[in-house]
Amino acid sequence: AQKVTQAQTEISVVEKEDVTLDCVYETRDTTYYLFWYKQPPSGELVFLIRRNSFDEQNEISGRYSWNFQKSTSSFNFTITASQVVDSAVYFCALSEAFQKLVFGTGTRLLVSP
Amino acid sequence: DAGITQSPRHKVTETGTPVTLRCHQTENHRYMYWYRQDPGHGLRLIHYSYGVKDTDKGEVSDGYSVSRSKTEDFLLTLESATSSQTSVYFCAISDLAGGSSYNEQFFGPGTRLTVL
């Protein structure tokens, strides 16, 4: 069975600090997809990134970067120079088949000025 | 942003009453999903649809039914609401466009349901 663990329930940082959100997954499949979503205080879910199991290249998008390591079954998310607007709950998710997502329990990030 | 609306956005109802939530999309996406979000659980899949009249159960389907008679609409029904179904319900859509074998899901704004 597939499972996603986000062990960090809540992280508090001060603006401009770098922060890494951890995501560890379990799956028996060799083909799978990993995702990160952001849920700001307004409540909507915003797609951030998708990565498939055959692509272990790290990705950078502005202040966001993602580190995918199959050897440790991890897909960690780093925000560089955090800003108050980054305050949100971040979800990591996994899909093995038929586009059904399994979500982690989320990490709440609080960025204070 | 993907064109997804949910109605109602908020609802308070009493135990034992039927409730129907509607998800409407304007993207002509094939796949539609219903999730519920609860503290400590993240989002959990209730039901999903892979086409008109084609639906299947998700992880937490007990007490829920769905219907999809048109591509654009996916209805979630609680036949007899219980307090344990108090939650925030999200609809999502996705499709296999551009030759991709998988595409990300886009979510609606959510419906907050309270069952007293």
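Just so it is clear: chains get the letters A, B, ... in the order the sequence lines come, proteins before strands, and each one is counted from 1.
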Enquirer: Of all of B:Leu43, B:Leu45, B:Asp56, which one pairs up most often with chain A through heavy atoms under 4.5 Å apart?
Expert: B:Leu43

Enquirer: Do you reckon B:Ile4 sits in the same ILVMFWY cluster as B:Leu76, going by side-chain contacts under 4.5 Å, direct or chained?
Expert: yes

Enquirer: Side chain from CB out, backbone as N, CA, C, O: work out which of these in A:Gln39 comes under 4.5 Å of a heavy atom of chain B, or both, or neither.
Expert: side chain

Enquirer: Could you tell me whether A:Glu10 atom CD has more than 12 heavy atoms of other residues or ligands within 6.0 Å of it?
Expert: yes

Enquirer: Just verifying a value: how many Å separate A:Glu44 CD and B:Phe106 CZ, rounded to the nearest 0.5 Å?
Expert: 14.0 Å

Enquirer: Would you find more than 12 non-hydrogen atoms of other residues, nucleotides or ligands less than 6.0 Å from A:Lys70 atom NZ?
Expert: yes

Enquirer: Give the minimum heavy-atom separation between A:Leu101 and B:Tyr35, together with the two atoms involved.
Expert: CB-OH, 3.4 Å

Enquirer: Could you look at B:Glu59 and say if it's the side chain, the backbone, both or neither that has a heavy atom under 4.5 Å from chain A?
Expert: neither

Enquirer: Under 4.5 Å between any side-chain heavy atoms of B:Gln105 and A:Tyr37, yes or no?
Expert: yes

Enquirer: Just wondering, more than 12 heavy atoms not from A:Arg51 lying within 6.0 Å of its CZ?
Expert: yes

Enquirer: Under a 4.5 Å cutoff for heavy-atom pairs, which residue among B:Arg44, B:Gln37, B:His41 has the most contacts with chain A?
Expert: B:Gln37

Enquirer: Taking a hydrophobic cluster as the set of Ile, Leu, Val, Met, Phe, Trp and Tyr residues connected by side-chain heavy atoms closer than 4.5 Å, whether directly or through intermediates, do A:Val19 and A:Tyr64 fall within one such cluster?
Expert: yes

Enquirer: Side-chain heavy atoms under 4.5 angstrom apart, residues restricted to Ile, Leu, Val, Met, Phe, Trp, Tyr: same cluster for A:Tyr32 and A:Phe75?
Expert: yes

